Amino acid sequence: MASLNTAFHTGDSEDNVLENRRRIFALFGYDSREIVSSIQVHGTGLAIFSQVHRGEGALPGSAREQCDALVTTAEGLTLTAYAADCMLIYFVSQQKALVALAHAGWRGTLGGIGSKVVRCLHELYSLAPDRLLVGFSPAVCRNCYRVNGKVAEQFQYAGWDGPAYLKQIAEEHWSLDLAAINAEQLIQTGVKEVNMARSNWCTSCNPELFYSYRRDQGITGRMIGFIALKPFGRHNYETEAEKTA
Ligand SMILES: [Zn+2]
């Protein structure tokens, strides 16, 4: 519990995970029983969450949507995603009360999940890519992130074979820069570089701060990332019964 694992599937007791989540969200004035999580599948699927989804994923086994990108326009609805080396990408619209959160490991990055979110927001809500604010979470850095030839080949095939993205460092060993590729994908989709906040923190280089799937060889917890539209009047969510109580 001291290290604040937030995911149910990593071997910690469910009670400890729930308590960790409660503590984290209490710090920000949110109720961890109302957070929304998806079942992350390392894909590029996107789902839109509304007030009816409140609390979906807050308890073990209660997440239903299988997707790696979450979108909401619902005030106070807390979207969450989980990672230990993978990158989380946060989106805020300057045109509409809307936020989104994406989980990008190498598969999601190869599939261009960040740019897919941008395109979906444009198609569904007419949001201009150049008016989106985007933030990156800490993630595994290029020096720590080694992939094999099979993975490297897929990135090369997709056009990410420049030294800024992928570099061979030994036979069958390549270093991959998740942040650089995700940033370039977003820029190519119309997001302005000046509207992107990138993180220089590496999850693997900083064992005192972060979980790292690679550093800890798979036996590790998960960090939680969340984003929500700040509620401007909590009374909006109270049921009639609560109002009269
Ligand atoms: Zn590193």
Side-chain angles (χ1 to χ4, degrees), residues 1-7 9-12 20 24 40-44 68-69 80-91 101-115 117 133-188 191 193-227:
M1 191 141 65
S3 62
L4 279 182
N5 169 43
T6 58
H9 63 283
T10 57
D12 276 348
N20 287 343
I24 292 167
Q40 296 176 182
V41 291
H42 288 281
T44 58
D68 290 83
T80 66
Y82 305 80
D85 286 344
C86 291
M87 172 168 274
L88 301 180
I89 311 175
Y90 302 83
F91 299 85
L101 178 59
H103 160 254
W106 75 259
R107 287 184 182 83
T109 301
L110 185 65
I113 188 167
S115 45
V117 171
L133 304 178
V134 179
F136 286 1
S137 74
V140 64
C141 79
R142 59 180 305 162
N143 295 328
C144 294
Y145 198 14
R146 308 283 167 86
V147 296
N148 62 29
K150 255 187 175 162
V151 173
E153 210 171 79
Q154 294 181 65
F155 278 91
Q156 287 170 323
Y157 187 72
W160 300 107
D161 54 356
Y165 311 115
L166 186 69
K167 204 170 162 188
Q168 185 158 22
I169 43 178
E171 202 177 331
E172 273 302 294
H173 284 292
W174 301 72
S175 83
L176 182 69
D177 195 327
L178 282 181
I181 298 174
N182 277 289
E184 183 57 28
Q185 287 172 340
L186 289 164
I187 289 164
Q188 285 180 7
V191 174
E193 197 157 9
V194 66
N195 288 339
M196 287 175 34
R198 292 175 59 169
S199 168
N200 291 320
W201 290 99
C202 169
T203 45
S204 178
C205 288
N206 295 282
E208 70 291 357
L209 288 176
F210 304 117
Y211 291 122
S212 168
Y213 190 87
R214 284 187 152 64
R215 184 192 65 227
D216 302 334
Q217 296 177 346
I219 317 286
T220 192
R222 294 292 181 280
M223 294 165 294
I224 194 168
F226 74 94
I227 192 164

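Order of listing sets the numbers, starting from 1, for every ligand and every atom in it. Computation of the quantities below employed the complete heavy-atom set of this structure, encompassing side-chain atoms and omitting hydrogens, waters and symmetry-equivalent molecules. Note that the structure is a prediction, hence the values are computed from the model and not measured.
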To the nearest 0.5 angstrom, please state how far the NE2 atom of His173 sits from the CG atom of Asn148.
9.0 Å
Indicate yes or no: at least one non-hydrogen side-chain atom of Tyr211 is less than 4.5 angstrom from one of Thr220.
yes
Nearest 0.5 Å please: distance from the OG1 atom of Thr203 over to the OH atom of Tyr213.
13.5 Å
State the SG-CG distance between Cys202 and Leu209, to the nearest 0.5 angstrom.
11.0 Å
Can you tell me if CD on Glu171 sees more than 12 non-hydrogen neighbours from other groups inside 6.0 Å?
no
Quick one about Thr6 and Asn20 (side-chain donor to acceptor, distance below 3.5 Å, no hydrogens or angles considered), yes or no?
no
What are the protein N, O or S atoms, given as residue plus atom name, that sit under 2.8 Å from the Zn ion (ligand 1)?
Cys141 SG, Cys144 SG, Cys202 SG, Cys205 SG
